[in-house]
Structure formats: C-alpha cells, structure tokens
Amino acid sequence: MEERYDPRKVEPKWQKFWAEKKLYKTEYDTSLKKFYCLEMFPYPSGRIHMGHVRNYAIGDVIARYKRMRGFSVLHPMGWDAFGLPAENAAIKHGVHPSKWTYENINYMKGQLNKLGLSYDWDREVTTCSPEYYRWNQWFFVKMLEKGLAYRKSSYVNWCPSCQTVLANEQVIDSKCWRCDSIVVQKELFQWFLRITRYAEELLASCDELSGWPEKVVLMQKNWIGKSFGVEADFRIEDTGENIKIFTTRPDTLFGVSFVCLSPPHPLSERLVEDKDELAKITAQYGKVDEKMGLYTGRYCINPVNGERVPIYVANFVLMEYGTGAIMSVPAHDQRDFDFAKKYGLPIRQVIVPEENTAGAGHGPAQASGRAQEALLQTAYEDEGVLVDSGNFSGLASADAREAIAQYLQDKGVGRKVVNYKLRDWGISRQRYWGTPIPVIYCDRCGIVAVPEKDLPVILPEDVRFTGKGGSPLLESPSFLNVACPSCGGKARRETDTMDTFVDSSWYFIRYCCAGKDPDIETKLKSGSPDLDYWMPVDQYIGGVEHAVLHLLYSRFFTRVLRDLGIIGTSEPFTNLLTQGMVIKDGAKMSKSKGNVVDPDYLIERYGSDTSRLFSLFAAPPEKDLDWSDKGVEGAYRFLSRVWNIVFKNREALKGAASGLISTADVSGLQAEGRSLLRKTHQTIKKVTADIEKEYHFNTAISALMELVNEMTGFEPQEEIGRQVLRTAMENTLLLLAPFTPHIAEELWEAIGNEPFISDRGWPSWDDGLAKDEEIELVIQVNGKVRGKLMIPVGLTDDEIKNLALGDRKTSDFLGQGVIRKVIVVKGRLVNIVVG
RNA sequence: GCGAGAGUGGCGGAACUGGCAGACGCGCUGGACUUAGGAUCCAGUGGAGAAAUCCGUAGGGGUUCAACUCCCCUCUCUCGCACCA
C-alpha cells in the first residue's frame, strides 16, 4: 500500500525549507516588472479567524501566481498594533498593552506561517513600535507646518463607554463602531487633519479608480458629497448683520417663509433672549426623531423680494454642513414642510409640475399661492416651472437656479458656492495605546510642535490603567512635564494620541523600504527610487467595511506624502478586491453568535492546503462564503485523490520523460491519451483565464478537478502514455501551486523533479493541442433541442446544415412543415425553423 | 426615503459576446470492497411522467429563429447612506 496523504508531515517540511531558503524575500530589482500584492494587515487581537484565512489565501494565490509569471512580487505583512482592545485588556487583566500586543503578534505570526503564506517577513511592520510611529509624528509635524493639521474646539462625537472621540466615519447609526454605545455630542479641543483641502482632488480622481469595485468608488463619492449651490445673505432687521444661508435650490427663493439657524450657530446665542429655551433646543440638536424649533422673535429680509421672514433656531439644522443656517421653503422641501405644519407657518408654492402649465395659457401656472397651498399634502421637491416668482416666473427650475444665482451675485447679496459633506478628520483620541501627538503647550509660546531632533515622542510605560476615563498619560509626570522647546520654560505635553487610522494610512508605503533599511531616514523624508518602484499597490485585498474609512484616509495620506516630495504616486491602490464575509448558519461568523470555525483546529485536522483550497473554491472572492464542514472534507478528498494518483503511478511517472509533448507525438497516442493531453492544455488555458479575469478561483479549481477526474481513470500502457500522464500531473501541480503550495511541492518532488515548484514558471498551453477533434452539434427545431450529433471540427456552414437536416431523429420533428430558415452557429448548434 | 447589488436543483455555486440551463463540489440513492463504514472506489441524481414527452433560472409581459443573459412592470432579499438644505 502506498503512502497516505498526511498534511501534518508535508506542510511543516516545506514551510521550513521556504523559510531557510528565504524563498519569498523580495529584492528591489529594476530589471524586473514589479507586482505589489497587499492584503489589509490585521489587528493583533489574539488569534486569526476565518475571515483572515480567506483574505490571506486570496492574496497568497495572487502573489504566488504573479511570481510564477515572472514578476518581482512585493508581498509583505504587518500588524495594525495600536488600538483599544489592548488597553481594555490592560484594564481588565492588568497586563500592559505592549506585552499583550506583542504576545498576540507572536502567536498570530505562527498561525500565518502555518498557512504557508508567501510573505517577505523581513519587511514586517508593527505600528506600535517607535520605529514606526515616529513617522506618524514626523508627518504630523510636516502637516502642521503646511497648515494641514490644526486644533479647534468643536462638537465632537463622544463615546461614553470608550471615553474617547470618534470620527464621523466611526459613528454608525448614532452608535460607536466598536462598542455600539450611543454616541453623544461634546465640545472639546481637538486636532484635525485638513482632508477637505483634498476634497476636490479625491473626488475627481475617483474616476481613475477603474480597478476598484464600482460600489466602493460610489461610496467614496457619496461620502465626499459634492453639491453645487448658492450662499445667500438674509439681512437681519435692526442689526443689519447678515445670516448666510446655503441652498442648492435658489429657484425656490420666492417660496421662503422662514429662516432656521443651527443651535450651535453663533447667531443663535445672540438672537435668542431666553437662554433656557435655547439650551433645550441645543439638547435636542442632532436628534433624528422629532423636529423642534424656537422662534427668536426677530426677522430677516429675503434678498430676492425684500420680504420679512421670521428667524427660528431649529434642532435639525446641521452646523457642520454649509453655513449652519438654512432658508426654509415648506412647499418644496419635506423637512421644511413638516416644520411649517407643526409651527403654523405659511406654505407657498412657487414651482409647479410642467404638465400643469402646458397649453393652459394663463391658467394653473398663475394660480395664486393660497389656492395651491390647499392642494399640497406633501412638499413638491421635483423640477418644474416657476410661478409667483417675480421676473423669474415661467422659467424652468433648472434655468431659474442659474438665473437667480446670477442675480444674487450681481446684486452682491449672494454667491455661487460648492459644498462638500466631507469634513476634516478629527484625530485626537483620549487614550493611551496610540501615537502621542507631538505637540507641547507653553503658557508663553502657546502651541509648539516637538522639534524634529526630539522625535519620536515615546509612549511612556509608567502609567496605570484604571478604566476611570481620561487618558492614562495624565498619570505620567515624566511624560507630561517638559521644557518648552521654544523658550525653555515650563510646559506640558499633549496627552491625546492619534486615531489608529493614521497608522494604517501609509503602512503600504513603509513596506516599500526593506525592514531595517539603514537609509530609512532619507527615504521617508525625501523619497527614494525603491518607493517609486513599488508604489502604487497593484492589488489590494480586504473587507468592504473599509470602503470609506481606511481607503479614503489612505488616498488622502498618499497625496500629502506626494506633496511633501516623498513619493510620486497619487493613488495608492490601483486594483481593489473587496472580499465577501465568511458566513455560517446564515450569519457572519462571530464569537457572539457562536458560529466560528477555528483555523487552528482546521489546520490541525485537514492541513492548511485544504483550508485554503476550500475557502477559495466555495465562492468567488468578492462574494460571501457559506461555510460548510462537509465542503472542507470535499476539498481534502480532492487533494488526497491527487496524492493517490501520484503514488499509484509513481514509478511510471518518475520513469517518463518530463516536459510538454509536441504535436508530432500525438499521432502515436490512443484516444484516451489524446483526450487527457487535450484536457491538460484546456485546463492550463482555463485556469490562467480564470485567474486573470476577476480572480475567479472557484472555477479555476473546478477545472483542475475535472482534469484530475480524467487522470483518475487513465492507465498508461506505453512510454508515450506515461509521458502524457506525467505531463498532465506536472501541469496539475504547477497550476495547483498557488492554491495549495505544500502538496504541490511534495508531489513535484515525488515525481522526480527538483524543488522548488514555487520557483517554476507558470505553464503555457498549445492552442492546437487544446482544440477538440470533434464537437457535439446540437440540433434544434424551432428553438427546441431535438437531436445531437458528433461532428468533426472545421466543417463549413453548408456541410453542418446538411448533416443536421439529414439527421434521422431530427427529421421526425420536421413533420409536414416548410423549412423557413436554418441558422448555423459555428461549433455549437443548428436551429431549423419550420412553419 | 435615496443609492447600489442580488434572486438559478435539497445546498454552495457554473453558464463565453443572446446559442444544449445546472460545470465542479456537497448532499442524497444504488452498487462494489469490507468483520464494520461516518474510509475508499463505481454508477445515478432539476421536477413531473411507465414512456413518448412536457415543465423549469423570483413573478408577469415584450424583443428574437433562439433569453438566466436584452427591454418594460411587479415582488423579495442584502448592503451602503440617511435631517447634507
């Protein structure tokens, strides 16, 4: 009995060899075409989960495939190591975040190695090491110099449970993205990065992201949220001050019946006398459920018609968007409509649907506001024709928008503006386990950046984790108290740390200089050819959950580094693959649902090749993967079958000549052998196409299964037959190598080849040998299949037609009808139309 | 509400540019080997029907010699955004 497939023997053996030979170490070599393949780096939470396995299996196939195709492949891995869980572990178990994190990294690195992933570990990056985060600080100081980093007081999203500020992107359904607590608004001084300076560029270059899923590009566009509109001045009666409002619908200006200020708007404080009432409204600011308003008792003047309109403070008006004040047109905006109904304010229609005006001469288009008012049950928000709008009546709303905007601009009471939803990125976090923001507060000099020579500002170890709130850094006097770099006087350090998304916004650039590069200083400060050789990332792979946050920040950071002269790239990721979730029993795998599958168990039981194979086979990468324990066994069975074929035919395989068989040899082959050879070439072609086209590994693997099925029954009798079998097996292993590298190496060696299969070139196919000798012709009568016929390839349309018409079985269906038409689809079918 | 995507056997999923619907795998059924089988191998497997044959890609209509694929309407599900004026 031959040897049995035992991945526990095979896999460690090859992992050891690969590591010893540094097979996956990447060199900067301009004579080769480069390919930068990157999977999103993990947070070192403790152990990897199936989502990681899937993500890294996908990336590894691509990296290994490209390497076999002759590219110089950069395929690095690292750790997104700062963040809250480490600190929470410190509070709960009294272990220092650093210890916790590094232990996790150590364990998880072992897990990744057990998966046989082809990383160049010499480039490993760990964001919590000073060697890494010093650059966060250096970039921050540069951004400060360029006015891209600034400090301001603002209302921020505050998570009461995490005791920290959250970026808008981290608030989901008014809840903390991490712990699901309800987020509250709080006023705080915060550091911001001016991502809005790049809003236009980030939006415009979305069109260059042709290698990204459309869905993600759209989400980026929507997040940036550009809109064209008008800023108009409503002069306050008595004071003469202006309320600037922003609107995208200047065509409705004649329908304004009141103006609303956001509660935090500076004018709210000044115009409202009753501070208690104002406080009540402010408390309701940002609450979605009900609209609330407070009449200020004051009026302002509509710049288009001089009308007096009342001023309200309203909880639904956002301070952060536009000017923090709006004009309200209840007839044409549902929110204003609801508000007007509630507070008994006038609803005046100034736009009517186009059909109401057609051919009616004077009629409905001129209907008075009062008559229309009764008809409106909801706001009419669509396009139409202006009525009761002075000189602008009769214009189509689109034209009126332009005309009225121009009119306001000419009169000096308004201007055309562009607005973005995107807001500056608040990066201050009141937490310990992050990059210290390199800033010092001095009573005399104010805010002073830490000078370059004093970087990095090291995160101190002597702190206590109480979980009481407030940063633990406040507990470290040696950190807190510092001499002012400017005047030498007593000063205090910033205790906030950076959002961890800063860390992940440029790690892909750090990978481009090899790990302990002695020239790192120069490279990251003023750029270098290897950065520009490797960047951008050719293929980025990760979950959709980062469609906005991480990807947008990375696009921003890449541009900042470009403008600092460090790299020449603007877009960091040429192609993006967003892999689907891993589902089990109808829900995403998660600890709370108790439906997780532990990768360690899986590897122990079936091996990493099987684990990888199944996760690649069960679904195309961009779709959700439905986990099936039985499916895993199927994958294992397949690999065992390949193994068994090799050991059953081992002597024959070893003895046979290697290499591809030429067309000339084919004549000596039996039909079975010809068929297997043909299948081999077809499979090389199909697997290559499936990988190249959208990385459809599932169909590539199914093609390999077909080839193996055909090999199973093949028993070579002669030398030429053994050669065919060897050719089939060698190619199967080569094609399998990116998917299941260990077994591919082992069997490659077993049939008498030198290691390493990973270093071999990707096989090519011969179209002549891949071509079928015969095809099955489908014969249809009136579109229904009535017969099938094996015919040789290369017949003319007429010959095919005659064969079809001559087919006995088919002729029964022709009946008495007249043949009206015969359609011949080359190599496929004939359709006989009978009437 | 707005935006995007998806509906194919018992299940995961295939199907080029409109050309045999269901590749491949799982499961199931039968058989072989076996003390045994939850191992392995072989055969079968969309539904109905004894068969000829008919019906089948969420539902309804349309274009076409031919529709999972293109067009129109309806339903369901998933995801994203959500007072952005």
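What's counted below: heavy atoms across the whole structure, side chains too, no hydrogens, waters or symmetry copies.
- In this structure, the CD atom of A:Glu710 is 17 Å from the P atom of B:A23, given to the nearest Å.
- Of all nucleotides listed (B:A85, B:C81, B:C41), B:C81 comes nearest to the side chain of A:Trp223.
- Of all nucleotides present, none satisfies the Watson-Crick or G-U wobble test against B:A15 with each distance under 3.5 Å.
- Of the candidate nucleotides B:A4, B:C20, B:G12, B:C20 has the atom nearest to the side chain of A:Val778.
- As the counterpart of B:C75, B:G7 is assigned, both hydrogen-bonding distances of the Watson-Crick or G-U wobble pattern falling under 3.5 Å.
- Judged purely by distance below 3.5 Å, without hydrogens or angles, the side chains of A:Thr196 and A:Asp424 pair a donor atom with an acceptor atom.
- Within the nucleic acid shown, A:Leu318 comes within 4.0 Å of at least one base atom, counting heavy atoms only.
- In terms of position on RNA chain B, the residue among A:Asn222 and A:Phe246 whose nearest nucleotide sits closer to the 5' end is A:Asn222.
- In this structure, B:G49 forms no base pair with any nucleotide, since neither Watson-Crick nor G-U wobble geometry is met with both distances under 3.5 Å.
- Between A:Trp425 and A:Tyr553, the ring planes lie parallel to each other; the angle is under 30°, not in the 30° to 60° tilted range.
- Of the nucleotides present, none pairs with B:A67 by Watson-Crick or G-U wobble criteria with both distances under 3.5 Å.
- Proximity of a side-chain donor or acceptor of A:Arg612 to a complementary backbone N or O of A:Phe739 within less than 3.5 Å is detected.
- Between A:Asn698 and B:G25, a side-chain N or O to OP1/OP2 separation shorter than 4.0 Å is absent.
- One can place CD1 of A:Ile791 at 14 Å from C1' of B:C20, the figure rounded to the nearest angstrom.
- B:A43: Watson-Crick or G-U partner is B:U29, with both key distances under 3.5 Å.
- Nearest nucleotide to the side chain of A:Asp626, out of B:G27, B:G12, B:C20: B:G12.
- Base pairing annotation: B:C20 forms no Watson-Crick or G-U wobble pair, as no partner gives both donor-acceptor distances under 3.5 Å.
- Ranking B:G12, B:A4, B:C24 by closeness to the A:Ala618 side chain, first place goes to B:G12.
- The base of B:C11 lies outside donor-acceptor range of the side chain of A:Lys630, with no N or O pair under 3.5 Å.
- Closest contact between the side chain of A:Asn831 and the listed nucleotides B:C26, B:G19, B:C24 involves B:G19.
- Separating the NZ atom of A:Lys226 from the P atom of B:A85 is a distance of 14 Å, rounded to the nearest angstrom.
- In this structure A:Thr712 satisfies the side chain to side chain donor-acceptor pair (under 3.5 Å) test with no other residue, sequence neighbours excluded.
- The shortest distance between the side-chain N/O atoms of A:Arg637 and the OP1/OP2 oxygens of B:G27 is below 4.0 Å.
- Atom CG in A:Leu639 sits about 13 Å away from atom P in B:U40, given to the nearest Å.
- Summarising the base pairing, B:G80 is matched to B:C2 through a Watson-Crick or G-U wobble pair whose two defining distances lie under 3.5 Å.
- Comparing B:C20, B:A85, B:G13 by their closest approach to the side chain of A:Leu829 singles out B:C20.
- Residue-level contact check: A:Glu776 touches the bases, meaning some heavy atom is under 4.0 Å from a base atom.
- Looking only at atom types and distance, the side chain of A:Tyr695 has no donor-acceptor partner in the side chain of A:Glu622 under 3.5 Å away.
- The base of B:C20 has none of its N or O atoms less than 3.5 Å from a complementary donor or acceptor on the side chain of A:Gln780.
- Proximity of A:Ser227 to the phosphate of B:A85: a side-chain N or O atom is located under 4.0 Å from OP1 or OP2.
- Under the 3.5 Å distance criterion, the side-chain polar atoms of A:Ser328 are left unmatched by any main-chain donor or acceptor of A:Pro330.
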